[in-house]
Amino acid sequence: MEEVTEAVNNLSISGGGAATGAGGAEGHKKNRIQVSNTKKPLFFYVNLAKRYMQQHNEVELSALGMAIATVVTVAEILKNNGLAVEKKIMTSTVDVKDESRNRPIQKAKIEILLGKTDKFDELMAAAAEEREAAEAEEQS
């Protein structure tokens with residue numbers, strides 16, 4: 001768990017990382033996280049979303065098919081911890097090419113736009129202080 005948090009804290013967010021994606025007609029969004037339910041642990045996305053909200057004041061979580069449950073869970077964790085508020089939820093279906101049958105199949109898609117709460121910065125500062133205190137205690 002600590003490794004995931006450390007990896008996210010050391011992550012530099014630039015134009016074309018693996019967690020960001022192009023959005024069709026909308027173009028590239030710097031604050032979009034495309035979630036997979038197989039590639040990364042749940043709290044990787046929670047911590048990454050916190051980081052994106054710090055930088056952009058909002059984050060868009062996006063997923064297809066089975067990964068939708070992961071996106072909803074990430075959004076609920078952020079909301080229940082008082083860090084985020086829902087701004088918009090969009091659902092749709094998209095055609096994805098099925099390689100085995102060589103024909104398109106429809107997959108469910110969800111996009112959840114979250115914004116920072118008024119207490120976001122205060123809560124993040126408190127969490128950082130707790131982390132620093134815990135690290136200082138470990139070293140002594």
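By convention here, the first residue in the shown sequence is residue 1. These figures come from a predicted structure and were not determined experimentally.
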task = Check the hydrophobic clustering (I, L, V, M, F, W, Y; side-chain heavy atoms under 4.5 Å; chains of links allowed) and say if Ile33 and Met124 are grouped together.
result = yes

ask   = Taking a hydrophobic cluster as the set of Ile, Leu, Val, Met, Phe, Trp and Tyr residues connected by side-chain heavy atoms closer than 4.5 Å, whether directly or through intermediates, do Leu64 and Val71 fall within one such cluster?
value = no

How long is the span from the [atom1] atom in [X] to the [atom2] atom in [Y], to the nearest 0.5 Å?
| X | Y | atom1 | atom2 | result |
| --- | --- | --- | --- | --- |
| Leu114 | Leu61 | CG | CG | 5.0 Å |
| Phe120 | Lys50 | CZ | NZ | 8.0 Å |
| Lys107 | Met66 | NZ | CE | 9.0 Å |

key: Trace of the side-chain contact (heavy atoms from CB on, under 4.5 Å) decision for Leu113 with Glu58   = CA-CA 7 Å; Leu113 184 63; Glu58 60 183 27; 4.0 Å; yes

request  = Quick one: do Arg32 and Glu111 satisfy salt bridge (Lys or Arg N to Asp or Glu O under 4.0 Å)? Show the steps, please.
outcome  = CA-CA 9 Å; Arg32 173 179 285 171; Glu111 295 172 289; 2.9 Å; yes

key: Partner residues of Asp121 under the side chain to side chain contact (heavy atoms under 4.5 Å, CB included) criterion, sequence neighbours left out   = Lys116

Distance-only check: which donor-acceptor pairs under 3.5 Å involve side-chain atoms of residues 73-84, not counting sequence neighbours?
unit_1: Thr73; atom_1: OG1; unit_2: Ala69; atom_2: O; d: 2.8
unit_1: Glu76; atom_1: OE2; unit_2: Lys79; atom_2: NZ; d: 2.8
unit_1: Lys79; atom_1: NZ; unit_2: Glu86; atom_2: OE2; d: 2.5
unit_1: Asn80; atom_1: ND2; unit_2: Glu76; atom_2: O; d: 3.2
unit_1: Asn81; atom_1: ND2; unit_2: Ile77; atom_2: O; d: 3.1

note = All heavy atoms of Pro104 vs all of Asp95, minimum pair found to be CB-CB, 4.3 Å

inquiry  = Show the nearest heavy-atom pair for residues Thr70 and Leu42, with the distance to one decimal.
reply    = CG2-CD1, 3.9 Å

message = Tell me whether Tyr45 contacts the main-chain N or O of Ser36 through its side chain, where contact means a donor paired with an acceptor under 3.5 Å.
response = yes

